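Chain identifiers are assigned alphabetically (A, B, ...) following the order of the sequence lines, protein sequences preceding nucleic acid strands; residue numbering begins at 1 within each chain. What you see is a predicted model; the values in this text were computed from it and never measured.
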2 protein chains.
Amino acid sequence: MHSTAEENYIKAIYKLSGGGTNAVSTTGLSETLQTKPASVSDMLRKLSAKDLVHYVKYHGVQLTAEGQRVALKIIRKHRLWEVFLVQKLHFTWDEVHEVAEQMEHVKSELLIQRLDEFLGHPRIDPHGDPIPTEAGELREEEQRVLASLAIEQKGVVCRVKDSQPAFLQYLNRVGIQIGTQLQVVDKIPYDNSLEISINKSKSVILSSDVLEKIFVINP
Amino acid sequence: MHSTAEENYIKAIYKLSGGGTNAVSTTGLSETLQTKPASVSDMLRKLSAKDLVHYVKYHGVQLTAEGQRVALKIIRKHRLWEVFLVQKLHFTWDEVHEVAEQMEHVKSELLIQRLDEFLGHPRIDPHGDPIPTEAGELREEEQRVLASLAIEQKGVVCRVKDSQPAFLQYLNRVGIQIGTQLQVVDKIPYDNSLEISINKSKSVILSSDVLEKIFVINP
DNA sequence: ATTAAAGTTTAGGTTTGCCTAAATAAATTT
DNA sequence: AAATTTATTTAGGCAAACCTAAACTTTAAT
């Protein structure tokens, strides 16, 4: 099997390339992985030798078909563990990531099959991100960015794009979670912020930055 | 924190020393850990520098108080995960160990607290071994080895001393699990084997080797 | 009490995954 | 188009955790 380090590189390449197709830069990877560019070059040579990536010196990397398969498996594990932590162990959004990051590297096909079953085959994780199927397929639902809603339009939060603790804690304070009912009360053209009512009660004003990170589906 | 390798050494020392008090040999450790004696010497120097063990060259190791604390924490994690795998994910006895061996190294206090709560604060694992408390205490129940029962005496399986897949599969075939009701039907003095009835029905003959590995409590 | 055998440690080497510093390639400016 | 800046790679090293082979202790046997 692959080492934890290899798996983390593959996951990072997958994420930076937005699904595996676009080429990813050495510096980008080094930032995501908190390592130096030289270390990335090192690892890319190794991953290339294992045919997990297409690597052309000085011109970035892409995942091979096999690399994508591996990436989706890791993401599946990560997201299933996140669902477990939130739904069964009552972790909050912002406590989940670090732990799931460790659990995703546990090697056992049976474990993941059984976990999936135990959780009732969930389709999205606590951040609203889709969970790849056992076959390695990612089925997306139609989502709109909160910033795109018109006045009076409603939506249910299905996803946030930023999983940094500070951001998740902010959303908790405001009262926004996956599943929260939102409605646009007013638009403030000055800075593109919106006044949003949360669960049909209190309303808050969200900056355009935040509005771009929250996704909703039809209620 | 400690590395996975360090944790495995500490666990092995704890087990071989029967709770931390007796000195353990380099060869013993190398066999348990499937490494060479030279590698063990290496690691013992490191663990000693971290004050996790008392190590006197050529005269074996013991865990320090801190080392014992660490050992019990790892064992607690391992056994809680085993309970989870068996009770929630319907793993069988013999599928559990390898996976728990990986999960026990996940670092998160909160995770273990919540897992313990989720499982209802279990006192023994699926092998009947006691689960150390959060405070690091091991409370034992009175147990007898199956080999020590007289004819007609009864017991409930609470523990087996061997967790090798082959042995656990053998017990599964025979129909013995934690919680199984046993009764001694007859003694065979020739080789110290016993005829045992299982759950008040079918009876089998167990060798003295096997009898030494199964523990029971009063029914 | 020697000597032989068994157990243990040291010395020196390997792989993995990282590092810094120097060299090289690509992109951007002028 | 040449020069400079930025990005990337190579070279050489380091720590962890393992290895083999050689040296050294301890134990057991004579």
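Note: B:F84 and A:W81 have tilted aromatic rings, judged against thresholds of 30 and 60 degrees for the angle between ring planes.
Regarding B:D42, its CG atom lies at a distance of 14 Å from the P atom of D:dA15, rounded to whole Å. Atom OH of B:Y9 is separated from atom P of D:dA17 by 9 Å (rounded to the nearest Å). Atom CD in B:E6 sits about 10 Å away from atom P in D:dC18, given to the nearest Å. Atoms CZ (A:R45) and C1' (C:dC18) sit 13 Å apart, rounded to a whole Å. One can place CG of A:N8 at 17 Å from P of C:dT16, the figure rounded to the nearest angstrom. The nearest whole Å value for the distance from the CD atom in B:Q34 to the P atom in D:dC19 is 10 Å. We find that CG of B:L44 is positioned 14 Å from C1' of C:dT10, with the value rounded to whole Å. Rounded to whole Å, atom P of D:dA16 lies 16 Å from atom CE of B:M1.
Residue contacts shown for A:S41 include a base, since a base heavy atom lies under 4.0 Å away. Residue contacts shown for A:S39 include a base, since a base heavy atom lies under 4.0 Å away. B:A5 comes within 4.0 angstrom of sugar-phosphate atoms only, judged by non-hydrogen atoms across all strands, and of no base.
The number of heavy atoms from other shown groups lying within 6.0 Å of NZ (A:K161) does not exceed 12.
Proximity of A:S25 to the phosphate of D:dA7: no side-chain N or O atom is located under 4.0 Å from OP1 or OP2.
With contacts defined as side-chain heavy-atom distances shorter than 4.5 Å, the pair B:L146/B:K213 does not qualify.
Checked against C:dT9, D:dT9, D:dA17, the side chain of B:K46 finds its nearest nucleotide in D:dA17. Nearest nucleotide to the A:Y55 side chain, out of C:dT9, D:dT9, C:dC18: D:dT9. Picking from C:dA21, D:dC19, C:dG17 the nucleotide with the shortest atom distance to the side chain of B:T35 gives D:dC19. Candidate nucleotides D:dT9, C:dC18, C:dT9 were compared by shortest atom distance to the side chain of B:T26, and C:dT9 ranks first.
For the pair B:R45 and B:Y55, the cation-pi test (distance below 6.0 Å, angle within 45°) is failed. For the pair B:R144 and B:F215, the NZ or CZ position fails the cation-pi test of under 6.0 Å to the six-membered ring centre and within 45 degrees of the ring normal.
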Protein-nucleotides 22-26 of chain C N/O pairs under 3.5 Å:
from: C:dA26; atom 1: OP1; to: A:H59; atom 2: NE2; distance (Å): 3.4

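When all heavy atoms of A:M43 and A:A5 are compared, the pair lying nearest together is CE-CB, 3.8 Å.
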Is there a salt bridge (charged side-chain N to carboxylate O under 4.0 Å, His left out) between A:K11 and A:E101 once you walk through the steps? CA-CA 11 Å; A:K11 207 177 39 155; A:E101 204 88 343; 3.2 Å; yes

